[in-house]
Amino acid sequence: VQLQAFGGGLVQAGGSLRLSCAASGSGASRNGRAWYRQAPGKQREWVATLLIGGARNYADSVKGRFAISRDNGNNTVYLQMNSLIPEDTGVYYCKTWIGNTNYWGQGTLVTVSS
């Protein structure tokens, strides 16, 4: 399984970005997907999960501002980020899993200026 995340960039506080996570490889379409982020000098933290059955979960810090969705046609998961704040700055990673094995994308940088 290979994941490729893209869509990051520089945005002003209050703005929006949409991240994409494209997957390829055997089994990539049959599992959920999650987004994590890592701010400078901090540990990676979970942001949102979309399970294969459609259930969505969000970290409290992004609830109501971020939305995770999936396009099954192109096996891509999106993270729509609205009302961005400087604390959302970081490298965003997508992840999927098969059994007990996690697969990570390379990360895309989001910078929110105040």
Side-chain angles (χ1 to χ4, degrees):
V1 175
Q2 292 184 329
L3 299 176
Q4 185 177 8
F6 52 94
L10 174 64
V11 64
Q12 288 187 331
S16 298
L17 280 175
R18 189 177 78 158
L19 306 182
S20 301
C21 175
S24 61
S26 177
S29 63
R30 297 195 295 269
N31 297 281
R33 210 80 56 88
W35 285 97
Y36 288 72
R37 66 186 181 189
Q38 187 166 17
K42 295 187 176 181
Q43 289 188 330
R44 191 174 299 187
E45 65 174 1
W46 168 73
V47 174
T49 298
L50 175 58
L51 299 179
I52 197 64
R56 294 166 170 81
N57 292 287
Y58 299 94
D60 288 343
S61 59
V62 307
K63 203 171 292 184
R65 300 187 298 121
F66 290 12
I68 189 170
S69 63
R70 185 173 193 144
D71 184 338
N72 289 321
N74 60 14
N75 204 10
T76 298
V77 168
Y78 303 97
L79 185 67
Q80 177 67 42
M81 306 186 295
N82 301 322
S83 302
L84 285 161
I85 58 178
E87 289 76 14
D88 294 320
T89 293
V91 178
Y92 283 68
Y93 299 90
C94 61
K95 183 191 84 170
T96 192
W97 53 91
I98 299 176
N100 293 324
T101 302
N102 292 321
Y103 299 87
W104 293 89
Q106 84 286 3
T108 183
L109 177 62
V110 172
T111 304
V112 184
S113 63
S114 56

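Because the structure is predicted, anything quoted here is derived from the model rather than measured. Residues take their numbers from the sequence shown, with the count starting at 1. For the numbers below, each heavy atom of this structure counts, side chains included, while hydrogens, waters and symmetry mates do not.
- Ala22 and Phe6 make their closest contact through CB-CE2, 4.3 Å (heavy atoms, listed as atom of the first residue, atom of the second, distance).
- Phe66 has its side chain out of reach of Gln80: every pair of non-hydrogen atoms, C-beta onward, lies at least 4.5 Å apart.
- For the pair Met81/Val110, a side-chain contact is recorded, criterion being any heavy-atom separation below 4.5 Å from C-beta on.
- A pairwise comparison of heavy atoms in Tyr36 and Ala34 identifies CE1-CB, 3.8 Å as the closest pair.
- Under a cut-off of 6.0 angstrom, the local environment of NZ in Lys42 is sparse, with at most 12 non-hydrogen atoms contributed by other residues, nucleotides or ligands.
- For the atom pair OG (Ser61) and CG (Asp88), the distance works out to 7.0 Å, reported to the nearest 0.5 Å.
- In this structure, Tyr78 is not a member of the same hydrophobic cluster as Leu84, with clusters built from ILVMFWY side-chain heavy atoms closer than 4.5 Å.
- There is no side-chain donor-acceptor pair under 3.5 Å between Tyr103 and Lys95.
- When every heavy atom of Thr89 is checked against every heavy atom of Ala39, the shortest pair comes out as O-CB, 3.6 Å.
- Side chains of Arg33 and Asn31: no donor on one and acceptor on the other come within 3.5 Å.
- Contact annotation: the side chain of Asn57 approaches that of Trp46 to within less than 4.5 Å [non-hydrogen atoms, C-beta and beyond].
- Here the closest non-hydrogen pair linking Tyr58 and Ala48 is CD2-CB, 3.6 Å.
- Using a 3.5 Å distance cut-off with no hydrogens or angles, the side chains of Ser16 and Asn82 do pair a donor with an acceptor.
- With contacts defined as side-chain heavy-atom distances shorter than 4.5 Å, the pair Val77/Leu19 does not qualify.
- From Ser114, atom OG reaches atom CD of Gln12 across 9.5 Å, with rounding to the nearest 0.5 Å.
- In terms of hydrophobic clustering, with Ile, Leu, Val, Met, Phe, Trp and Tyr side chains grouped at heavy-atom distances under 4.5 Å, Leu51 and Val1 are assigned to different clusters.
- Applying the 6.0 Å contact sphere to CD of Gln2 captures no more than 12 heavy atoms from other residues, nucleotides or ligands.
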- Task: List the steps, then state whether side chain to side chain contact (heavy atoms under 4.5 Å, CB included) holds for Thr96 with Ile98.
- Result: CA-CA 7 Å; Thr96 192; Ile98 299 176; 5.7 Å; no
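- Of all heavy-atom pairs between Leu3 and Cys21, the closest is CD2-SG, 4.1 Å.
- A cation-pi arrangement is not found for Arg37 relative to Tyr92, the charged atom failing to lie both closer than 6.0 Å to the ring centre and inside a 45° cone about the ring normal.
- At distances below 3.5 Å, at least one donor-acceptor pair connects side-chain atoms of Gln106 with backbone N or O atoms of Ala5.
- Closest approach of Thr76 and Ser20 over heavy atoms only: CG2-CB, 4.1 Å.
- By the 4.5 Å heavy-atom criterion applied to side chains, Ile85 and Arg65 are counted as neighbours.
- Residues Leu50 and Leu17 fall within the same hydrophobic cluster, defined by Ile, Leu, Val, Met, Phe, Trp and Tyr side chains chained together at heavy-atom separations under 4.5 Å.
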- Candidate pair Thr49 and Ile68, rule side chain to side chain contact (heavy atoms under 4.5 Å, CB included), full reasoning: CA-CA 7 Å; Thr49 298; Ile68 189 170; 5.7 Å; no
